[in-house]
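All values derive from a computational prediction rather than experimental measurement.
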Amino acid sequence: MRYFSIESSQMRRMAQFLLALVLGLALLTWAASSVVRTTAQEWFERDVNSRARLALAGARPSLAAAWNGDPGALRAQIVALNRDERVMGVALCNADFTVRASTPGFPEAFGCWAVGSRVRGEDGWSSVATLPTGRASVNAVPVEELGFAVLVQDLSYIERRESQAQTILLVTFALLAALALGVPMFVARWVRSGRRAELRKVRMEMEEQPEDSSLQWNAERLKRTLNRHLHGEKIVILSNREPYLHVRKADGSIEVQHPASGLVTALEPVMRACSGTWVAHGAGSADRETVDRFDRVRVPPGEESYDIRRVWLTEEQEQGYYYGFSNEGLWPLCHVAHARPQFRAEDWRQYREVNQKFADAVCDEADSDDPVILVQDYHFALAPAMIRKRLPAATVIVFWHIPWPNAERLGICPWRDELLEGLLGSSILGFHTQLHCNNFFEAVDRYLETRIDREHHAVVRQGHRTLVRPYPISIEWPVRWAETGETAAESRARVFADLGLKPNALLGVGVDRLDYTKGIEERLEAVETLLERYPEFRGRFTFVQLAAPSRTKIERYRLLNESVEKLTERINARFGQDGYSPIVLLRAHHEPPDVFRYFRAADLCYVSSLHDGMNLVAKEFVAARGDLKGVLVLSEFTGAARELTEALIVNPYDMEAASEAMMVALTMPAEEQRDRMRSMRAVITQFNVYRWAGKMLEDAARLRSQERVASRLSARSLVG
Ligand code: F6P
């Protein structure tokens, strides 16, 4: 199991594991040492006994010879037998059990009367007994018909030695255990403190910069960049989704909607800063009624800083290009979310046709021969080459908002070569991560005749160069939806009242389009596991899922919709009680102010994508928490997890880890929440969407000036 990076909990788990290991080993060592001790004792005693009997047997003839002779000679014999320091005493007993001679201090317990009746036959008798001084061995052998000799030896030294050996063993073990426990904990603490120090440093550096410092990217700086480097060129953006939809309501009035789209979240502030034209599919029910005769509408309402140029699609075109090739083909192809891509020739035909239609609209909107055009996402893989054909000097910047698959996976698409060729019409091709850039290089290398210039991160095909770079996308900072004037406490009170929650309730939030890549089912199951494993949250923890219906004409999305509904019902039936429902599923489009209210009200936000290029919901949650409260639980399979390292990072497939992360989030001390939130906010402050766009525009400007110099040089050499 890959463990989520909750440092304190990770350390706790590691410590528990090591402690259990050490206790287990201690028990084992103790048992083993007892067995060894008993066995060694038996061996030692057997040795001592056999040595004693050998000594007695050897002395037997001389004892017999001296038995009835000079008492001095007999005494000398027993003194000789008694010479070893471990011999406690020697006695010679007559056949009638009376003492013939003995050494001083011979233990009374082994007197001639006590031993005599046991000495039988040639072998005599031997035994081990416990005396007040410790264990002792006694050996008695007959001396012809005259009597018998008794030799008593001290065995207490064996016990002493063994207990010393056992002490040494246990001390060694204790030292090793201390090392085994201490070293990993020390290393973990050291790494953690190093990382904290690094983050503190970054944070301090960031905090030292004033809000409007020239180093800080903001709308103003982006505008300046455009003016300085691109001489205020008009920007043309192309995306399928438009930033504002005009929708006719049931009461007949027209409402302006902000679609649930990461792309729009990121690009709209950029467009407000740069002005220009945004070319997109007119998908709102009242879109046609709100455009001028050139199909343009000025937005944002009340601010009117740029144009949307709406392109109309027939139902057939929308079916083949948007639902078919884009969302049943490319979407599952690019996401590792276990949905089989569908590739239909008719969808591909529509995709090509619609790409041409949008490419033409973009060229119509350009007001020079070398415009700056930003093409967005997988709906338009062919448009860059189509635009280049009409406007060869255009600077076409493509950003692919979703992951790019590895070459094998891409290989299953029957039109993979055409997709790659279309994208190589761009000047700059951006992905969220270096990994996706590498995947692209690999695919180009495998399927096309090109030159890959690894040093400059570029692909050269038929004399045209495309830079392929990572540009991790972000959100505007500060986010206008976070500046509502409503405090976090007010938002919480409002949301709690709307959901009918008790004041001491705990709230989790998820915000997504109803898409199978977002891991919504896995998220609900993780909530179920949380309630299973930690009953203290039953009746107290509610998870509210804001789910915007999406791509509902596609079967896979309809199935997801049903499955999420069933899952919600099942979990609520299992853990719901007296008006309490652990899951609240709000299946509807929510406008940004409402979404931000939920963000501010929640104790945790769980982003559980199974695979996601970036995921801007994670960044929006952090942006919403100016109060530095709340915890972000974030899937490791999002691009955002690389930047928001202070989130609780989890594998969304691992229910135990995810539920444990939620438990940690719900019990996290306020100070730790503040620390983590502050770090993440510092990262987004710096790496905001103005920087994202600014970096691409700076690269584009550099490219344009290089191309100008190159074309001047080649013109001169032609003249020369
Ligand atoms: O970011 C990925 C993305 O597919 C965008 O391209 C799109 O705008 C957004 O998600 C929402 O999807 P859709 O436009 O199909 O509703």
Side-chain angles (χ1 to χ4, degrees), residues 218-220 222-223 226 232 234-313 358 361-362 364-365 367 374 376-377 473-486 491 494 511 513 546 548-550 588-600 616-617 620 623-624 688-690 693:
N218 52 26
E220 273 314 305
L222 184 61
K223 244 183 252 174
L226 195 64
K234 175 183 161 186
I235 298 270
V236 182
I237 290 187
L238 168 61
S239 78
N240 172 71
R241 188 58 65 203
E242 55 184 336
Y244 296 93
L245 288 106
H246 288 91
V247 178
R248 178 149 321 270
K249 294 209 306 187
D251 64 5
S253 63
I254 292 179
E255 181 187 66
V256 177
Q257 270 189 9
H258 302 80
S261 154
L263 180 157
V264 169
T265 304
L267 266 291
E268 209 277 333
V270 171
M271 204 51 179
R272 268 187 290 126
C274 300
S275 72
T277 304
W278 188 321
V279 179
H281 172 213
S285 52
D287 272 359
R288 280 181 197 263
E289 298 160 55
T290 43
V291 292
D292 65 14
R293 64 199 172 96
F294 302 107
D295 293 327
R296 294 190 192 121
V297 58
R298 199 104 182 116
V299 289
E303 202 179 306
E304 281 84 29
S305 53
Y306 66 93
D307 285 318
I308 296 180
R309 156 77 193 276
R310 286 176 172 149
V311 174
W312 315 111
L313 297 179
F358 276 97
V362 164
D364 292 346
E365 291 301 323
D367 56 7
L374 306 182
Q376 306 301 310
D377 233 350
I473 206 166
S474 196
I475 54 172
E476 65 178 324
W477 192 277
V479 182
R480 73 204 128 121
W481 311 114
E483 323 262 291
T484 53
E486 192 176 87
S491 294
R494 233 172 115 177
V511 178
R513 283 183 304 104
L546 273 55
S550 178
H589 171 77
H590 287 83
E591 281 293 293
D594 296 331
V595 172
F596 272 72
R597 179 169 305 117
Y598 276 92
F599 281 153
R600 279 195 299 271
L616 294 182
V617 168
E620 286 185 310
N688 58 35
V689 78
Y690 301 112

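- For Trp312 and Asp295, the side-chain atoms include at least one donor-acceptor pair closer than 3.5 Å.
- For Tyr690, there are no ring pair (Phe, Tyr, Trp, His ring centres under 6.0 Å) partners, not counting sequence neighbours.
- By the salt bridge (Lys or Arg N to Asp or Glu O under 4.0 Å) test, Arg310 pairs with Glu242, Asp287, sequence neighbours left out.
- Ion pair Glu255/Arg248 not flagged as a salt bridge, since none of the NZ, NE, NH1 or NH2 atoms sits closer than 4.0 Å to an Asp/Glu carboxylate oxygen.
- No donor-acceptor pair under 3.5 Å is formed between the side chain of Ser253 and the backbone N or O of Lys249.
- Under the 3.5 Å distance criterion, the side-chain polar atoms of Thr290 are matched with a main-chain donor or acceptor of Ala286.
- Without hydrogens or angle criteria, His589 side chain to His258 main chain gives a donor-acceptor distance under 3.5 Å.
- By the 4.5 Å heavy-atom criterion applied to side chains, Val297 and Asp307 are not counted as neighbours.
- In this structure, OG on Ser239 lies 6.5 Å from CG on Leu267, to the nearest 0.5 angstrom.
- When side chains are defined from C-beta on, Phe596 counts as touching Glu620, because their heavy atoms get closer than 4.5 Å.
- Ring orientation note: the planes of His590 and Tyr598 are nearly perpendicular, at an angle over 60° on the 30°/60° scale.
- Not counting sequence neighbours, Glu304 has no partner by the side chain to side chain donor-acceptor pair (under 3.5 Å) test.
- With respect to the salt-bridge test (charged N to carboxylate O, under 4.0 angstrom), the residues Lys223 and Glu220 qualify.
- At least one side-chain heavy atom of Leu374 sits less than 4.5 Å from a side-chain heavy atom of Ile235.
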